[in-house]
Each structure stands twice: as C-alpha cells, then as structure tokens.
There are 2 protein chains.
Amino acid sequence: MAQGTQGKGAATPTLWDRTRQLAAQEILQTALRLFTQQGYEETTIAQIAREAGVSQRTLFRYFGTKEDLIGGSEERFVTLLTETVREQPVDADAWEALRAAFKAALSLHATPEEALERFRLVHHTDSLRAAYLGKRVRCQEELLPLLEARLAASGTNRGQARAIVATAFACFDAATATWLDGNGQGDILDLYDQGLAAVRS
Amino acid sequence: MAQGTQGKGAATPTLWDRTRQLAAQEILQTALRLFTQQGYEETTIAQIAREAGVSQRTLFRYFGTKEDLIGGSEERFVTLLTETVREQPVDADAWEALRAAFKAALSLHATPEEALERFRLVHHTDSLRAAYLGKRVRCQEELLPLLEARLAASGTNRGQARAIVATAFACFDAATATWLDGNGQGDILDLYDQGLAAVRS
DNA sequence: GCCCGAGTGGCAGTGACTGCCAAGACTCCT
DNA sequence: AGGAGTCTTGGCAGTCACTGCCACTCGGGC
C-alpha cells in the first residue's frame with residue numbers, strides 16, 4: 001500500500017506516487033487552514049474534501065481518521081523516536097537517550113510559530129488531545145524495551161523502567177504546556193530540563 | 001438538575017431521585033456486563049439501552065457519552081482527588097499529598113478483582129484509554145493550583161510544579177500498567193513507590 | 001485496440017450523539 | 001379532588017465520522 005507497484009527500491013518515485021504525495025499535501029494544508037480558521041469541531045470532513053477537491057471517500061483512504069489530519073501519521077513520529085534512541089551511544093543512560101529523542105521530535109516542526117499554532121490546536125481540543133495522548137502512550141510502549149536494556153545494568157526492573165519512560169514523557173508534556181502558557185517564549189527543551197530537575201530533587 | 005425540586009437539604013433524597021439512582025445503577029451494570037462479555041467496540045448503545053430497559057435518549061441523558069459508562073463521571077473522581085489533597089496536613093509536601101490522593105482514588109473500587117477487570121478493559125480499548133487520559137490531564141490541571149501552594153516555599157516555579165504533578169500521575173499509570181501485566185499481583189501503591197524511587201534516583 | 005491493476009467517486013449503511021416535540025409522572029396550590 | 005406547572009421520558013429525524021461495495025477511469029504492457 002505504501003510501496004509503489006513493484007517496490008523496486010528507492011529509484012522508483014513512480015511519478016504516480018508523486019501525484020499522490022501532492023494530493024495528500026493539499027488535503028493536509030486545507031485541513032490545517034480550516035481547523036485554525038474555524039476550529040476543529042466546527043470543520044467537517046465534507047468541507048475539507050470539498051475545498052481540497054477530492055471526495056470524502058478518497059480523503060479517508062489517505063487519512064484513516066479526522067485526527068490524523070493533525071500531527072500526521074504516528075508512524076513517522078514513532079520511528080523517529082525509536083531510531084534516535086537506538087542511535088544513542090551505549091554509554092548514554094536512559095534519561096539522555098530520551099532527551100535526545102525529544103530533541104529530534106521537536107525538530108520535525110518547520111518553525112516555532114507553526115509548532116505553537118499546532119500545539120495550541122491540539123491542546124485546546126478535547127478529542128485531539130485525547131488522540132494525541134493515546135499515540136503518546138503507544139510511543140512509550142514501543143520505547144520501553146529499547147530503554148530497558150540501558151537500565152538493566154543498574155538493577156532497574158520492568159515496572160521502574162516504565163515509570164522512567166512515563167515520567168520523561170510527562171515532563172515533556174508539562175514543558176509543552178508551560179511553553180504554550182507563555183505563548184512560545186523560551187525553549188521547550190530548557191523547560192523540560194527544569195521540570196525534570198525539580199522532579200529529581 | 002442534579003438537585004431535587006427545592007434542594008431542601010440532606011433530608012430529602014426525594015424518593016424520586018432514588019429511582020433515578022437505581023436506573024443509573026442498572027444501566028451501569030448492564031453496560032459493564034456487556035462490555036466485558038463482548039468487548040467495548042462490539043457493544044452498541046442500542047443494545048445496552050434495550051437490555052437495561054430504557055430508551056437510547058434517556059441513556060444519553062444519564063451518561064453523556066459511551067465512555068462515561070466506564071469509570072463513571074469524572075466529577076466524582078476529580079472532587080475526591082482535590083478533597084484529599086486539600087485535607088493533607090500543611091507540612092506534607094506535594095509528593096505525599098499526591099500519594100494520599102492516589103490511595104484514596106484506589107479505594108473507590110469495591111474489590112481488586114473488579115478493579116482489575118475495569119483497568120484491563122480501559123487499557124485494552126484504544127478509545128477508552130484515550131478518554132481516560134483526557135480525564136487524567138484535566139485532573140492534573142485541577143490539582144496544579146492546589147499543589148503550587150505547597151511547592152512555592154521551595155522556590156519551585158509553575159512549570160516545575162506542572163512537571164511534578166504530571167510525573168506523579170505518570171508513575172501512577174505506569175504502576176497500574178505493571179500491575180495489569182502481573183494480573184493483579186502485588187499492590188499498586190507499592191509499585192508506584194518503586195517507580196517513583198527509580199525516577200528520583 | 002485490449003486488458004490489467006490501481007485510484008477514485010458515489011452511494012448506502014452503521015453507530016454515536018443532539019434537538020425537538022409530545023406524552024406521562026410527580027408536586028404544589030387552591 | 002382538580003388543575004397548573006414542572007420534570008422526566010420516549011420517539012423521531014437529523015448530523016457527522018467512518019466503512020463496504022461497486023462501477024468508472026486512467027496509465028501502461030501486450
């Protein structure tokens with residue numbers, strides 16, 4: 001499905017898929033525009049489809065749910081985090097690895113302004129926030145086995161590893177919330193460090 | 001709406017409201033039974049209403065959403081947590097206050113078996129888990145101002161307070177997940193303590 | 001020219017949820 | 001007791017996200 005016809009490799013962007021890419025882009029932009037203009041709940045799939053020039057049916061083939069129109073497919077997010085963690089040097093502990101992963105995740109956003117707008121939208125829409133949190137815990141579960149390896153040495157058990165991962169994500173969310181409170185002032189990663197410092201006495 | 005006609009006080013359970021109570025109870029039990037029997041997604045509102053002997057419309061008047069049929073209204077939960085935090089002695093720090101609140105929350109479940117079943121259901125159903133997480137962050141936001149008072153003394157700023165609250169809840173969730181992994185072995189609060197200990201070095 | 005496979009659109013259907021209106025149940029007042 | 005006013009309930013129709021099905025179209029290989 002994600003692959004081209006033969007999946008020959010990297011050498012076949014197929015000229016077909018390029019059109020698909022473009023259509024997806026168009027839908028995404030239209031959706032984001034309408035969401036920020038009139039709010040998430042107030043925007044219907046029908047409207048997005050109409051303004052993007054595709055049928056509802058096609059829109060749902062590109063993006064499985066309305067929530068997927070914000071923040072993109074979670075796959076990309078998850079793989080970025082797991083890859084980053086995997087790439088960390090072996091002598092880096094779990095906390096450092098997680099921090100690096102968050103840093104990488106933040107770099108996904110084109111500009112701070114765009115990130116601010118998107119975060120605000122997610123944060124202020126109950127259903128979107130719930131969906132985001134769901135993705136987040138799925139992320140945590142993916143990351144857990146990777147980090148357990150780094151923690152096993154120091155006699156940390158599975159439950160404790162889970163608590164550590166959960167805490168890192170919680171502090172990241174807290175940092176994001178605080179950053180939103182201040183209308184994008186300062187650096188999220190700094191806020192994360194401050195929060196974690198307070199937690200760890 | 002929640003109050004009787006005149007709201008005369010505690011002496012008027014109105015005999016009317018008692019019927020309401022009973023109906024709500026009936027619906028709740030029916031829903032929980034069907035959910036555990038055939039799964040959450042596979043159970044329709046129509047079926048619950050039919051088997052509970054009320055109309056769909058009435059069911060939605062008692063419980064605003066399908067998710068509310070599990071874990072009850074978040075109000076009760078939130079007030080229990082906030083009340084407990086407020087009741088903590090002034091010399092208790094934020095961590096102790098939060099721990100006490102979690103302990104109180106756990107005591108809401110009739111039996112560990114019932115809690116296990118319910119947790120499993122929520123944990124294994126994406127939409128339910130998302131809804132739970134949404135309620136959870138709303139809880140955190142309610143608790144934040146209460147705990148800020150206890151933290152202000154030690155030079156903790158707002159962002160850090162948020163991180164601390166978020167961490168406590170994250171560790172509580174992690175403890176619950178671990179408890180579920182072990183099919184209800186051990187005590188959730190113990191697991192919470194262990195997780196938090198690992199986090200705080 | 002013909003077929004083939006993939007992408008698309010339309011249509012009907014499901015399920016959660018809401019607004020509206022009429023009928024019944026209970027309370028209060030006279 | 002009788003009637004007015006209020007609260008609760010049920011049914012109905014409608015909205016919206018989402019899915020399955022089928023027919024159409026488009027580009028490429030024979």
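Only heavy atoms go into these numbers, but all of them, side chains included; no hydrogens, no water, no symmetry mates. Numbered from 1 within each chain, the chains take letters A, B, ... in sequence-line order.
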With a 4.5 Å heavy-atom cut-off, do A:Asp173 and A:Leu133 have their side chains touching?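 The answer is yes, as the side chains (C-beta and beyond) meet within the 4.5 Å cut-off.
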So, the side chain of B:Lys66 versus the backbone of B:Thr44: is there a donor-acceptor pair under 3.5 Å, distance only?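 Flag not set: sc B:Lys66 to bb B:Thr44 has no pair under 3.5 Å.
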Give a yes/no answer on whether the side chain of A:Tyr62 brings an N or O atom under 4.0 Å of OP1 or OP2 in C:dG7.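 Indeed not, no polar side-chain atom of A:Tyr62 lies that close.
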Interatomic distance, [X] [atom1] vs [N] [atom2] [rounded to whole Å]:
{"X": "B:Leu128", "N": "C:dA16", "atom1": "CG", "atom2": "P", "answer": "12 Å"}
{"X": "B:Phe35", "N": "C:dG15", "atom1": "CZ", "atom2": "P", "answer": "14 Å"}
{"X": "B:Leu69", "N": "C:dC17", "atom1": "CG", "atom2": "P", "answer": "9 Å"}
{"X": "B:Lys66", "N": "C:dC17", "atom1": "NZ", "atom2": "P", "answer": "8 Å"}
{"X": "A:Asp68", "N": "D:dA17", "atom1": "CG", "atom2": "P", "answer": "14 Å"}
{"X": "B:Glu26", "N": "D:dT9", "atom1": "CD", "atom2": "P", "answer": "14 Å"}
{"X": "B:Phe63", "N": "D:dT9", "atom1": "CZ", "atom2": "P", "answer": "12 Å"}
{"X": "A:Leu34", "N": "D:dA17", "atom1": "CG", "atom2": "P", "answer": "12 Å"}

Fit a plane to each ring of A:Phe169 and A:Phe102, take the angle between them on a 0 to 90° scale, and name the class: parallel (under 30°), tilted (30 to 60°) or perpendicular (over 60°).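 Ring orientation, 0 to 90° scale: perpendicular.
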Between A:Arg136 and A:Glu142, is the closest basic N to carboxylate O distance under 4.0 Å?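 No, no charged N to carboxylate O under 4.0 Å.
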Is it true that A:Arg33 and A:Glu117 have a side-chain N and a carboxylate O under 4.0 angstrom from each other?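 No, no charged N to carboxylate O under 4.0 Å.
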Pair A:Arg162, A:Asn157: side-chain N/O donor-acceptor within cut-off below 3.5 Å: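 Note: A:Arg162 and A:Asn157 side chains miss the donor-acceptor criterion.
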Proximity to the side chain of B:Phe60 - top-ranked nucleotide from C:dG10, C:dC17, D:dT9: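 Closest nucleotide to the B:Phe60 side chain: C:dC17.
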Nucleotide of D:dG20, D:dA17, C:dC20 approaching B:Arg57 most closely (side-chain heavy atoms):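 Nearest listed nucleotide: C:dC20.
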Here's a test of your reading of the structure: between B:Gly53 and A:Gln56, which maps to the more 5' nucleotide of DNA chain D?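 The residue closer to the strand's 5' end, by nearest nucleotide, is B:Gly53.
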Near-strand residues of residues 41-51 of chain A, defined as heavy-atom separation under 4.0 angstrom from DNA chain D: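 Listed by number, they are A:Thr43, A:Thr44, A:Ile45.
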Measure from NZ or CZ of B:Arg20 to the centre of the six-membered ring of B:Tyr62 and say whether it is under 6.0 Å with the direction within 45° of the ring axis.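 Yes; both conditions hold, so B:Arg20 lies above the ring face of B:Tyr62.
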